[in-house]
Amino acid sequence: MGYVFQTQRWSLHDGDGIRTTIFLNGCPLRCSWCHNPESWTNNSIQPISVEDLMKTIKRDAVFYRASGGGVTFSGGEPTYQTEFLRELVKNCMLLGIDTAIETSGYFSWDKTKDILEALDFVFVDIKHMDSQVHKKYTGVDNKLILENIIKISNMGKKPVIRIPLIPDVNDNDENINQTSEFILKNLEVRGVEVLPYHDYGLYKYKDLGLDSKYEFITPTKEKIEKVKSRIKKHGINIINY
Ligand code: SF4
């Protein structure tokens with residue numbers, strides 16, 4: 001049994017083809033811009049069995065095959081419910097269903113390595129290259145995350161690196177250059193996807209009685225393009241899902 005706060009069928013932005021995205025509860029981070037704070041606890045959610053979730057997943061199997069799609073595990077941090085995720089990935093594998101993960105990269109490598117090996121595709125965030133700034137805005141430093149990203153790449157997974165673009169936090173030239181240099185020096189990636197901050201999740205903080213610690217603004221189109229072209233100048237592919 002595990003905790004899932006949303007299941008989205010016919011998803012087109014979480015990987016190749018038509019996908020079912022499963023949002024798993026639990027996250028060891030507390031990003032100040034998180035638009036899914038409801039994932040942080042299991043409050044008022046009934047647990048679901050692997051078997052029941054597989055029934056939903058299997059419903060669209062024909063569409064995954066036809067479109068090159070599959071299942072994407074998101075969250076929260078999907079590796080947080082390690083055993084539940086392991087079982088789901090294993091069951092998809094047995095059915096020949098393609099699997100992807102959207103992860104913060106913050107997990108124990110030893111406990112999660114086998115799951116990553118079994119997954120077909122990995123999206124992983126780099127939120128900030130400065131460890132102290134990373135800690136200020138997410139609650140954890142970036143050491144484990146950067147180490148794990150290198151290990152994922154060394155596995156031959158060619159991840160997509162996602163940068164959540166937060167104005168006045170990580171959109172400055174220095175951080176974008178450092179992120180690009182880290183990728184070039186250490187990784188083999190499919191590309192970088194820039195995800196501009198949006199405030200659609202703000203109402204959830206009020207509903208949950210949570211304080212949103214900082215206020216952020218949505219990046220302008222010009223800013224987004226400037227950041228993308230800076231990354232491209234380093235010879236890194238920009239990807240948009
Ligand atoms: S890693 Fe993702 S789910 Fe977790 S707090 Fe950050 S934005 Fe939210």
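Both ligands and their constituent atoms are indexed starting at 1 by order of listing.
- Protein N/O/S atoms found under 2.8 Å from atom 6 (Fe) of ligand 1, listed by chain and residue number: Cys31 SG.
- Pairs passing the salt bridge (Lys or Arg N to Asp or Glu O under 4.0 Å) check and including a residue from residues 64-89, sequence neighbours excluded, read Glu83-Arg86, Arg86-Asp114, Glu87-Lys90.
- Between the side chains of Thr21 and Asp14, at least one donor N or O lies within less than 3.5 Å of an accepting N or O.
- Residues Thr72 and Arg19 bring a donor and an acceptor atom of their side chains to less than 3.5 Å of each other.
- Counting only N and O atoms by type, the side chains of Asn177 and Ser180 include no donor and acceptor under 3.5 Å apart.
- Here Asp141 does not pair with Lys143 in a salt bridge; the nearest charged N to carboxylate O distance is not below 4.0 Å.
- Of the residues listed (Asp16, Thr20, Asp98), the one engaging Tyr64 in a side-chain hydrogen bond (donor to acceptor under 3.5 Å, both in side chains) is Thr20, and it is the only one.
- At a distance under 4.0 Å, no protein heavy atom can be found next to atom 2 (Fe) of ligand 1.
- Residue contact annotation: Trp40 has a non-hydrogen atom under 4.0 Å from ligand 1.
- Distances below 4.0 Å separate heavy atoms of Gly76 from the following atoms of ligand 1: 3 (S).
- For the pair Arg190 and Phe121, the distance from NZ or CZ to the six-membered ring centre is under 6.0 Å and the angle to the ring normal is within 45 degrees.
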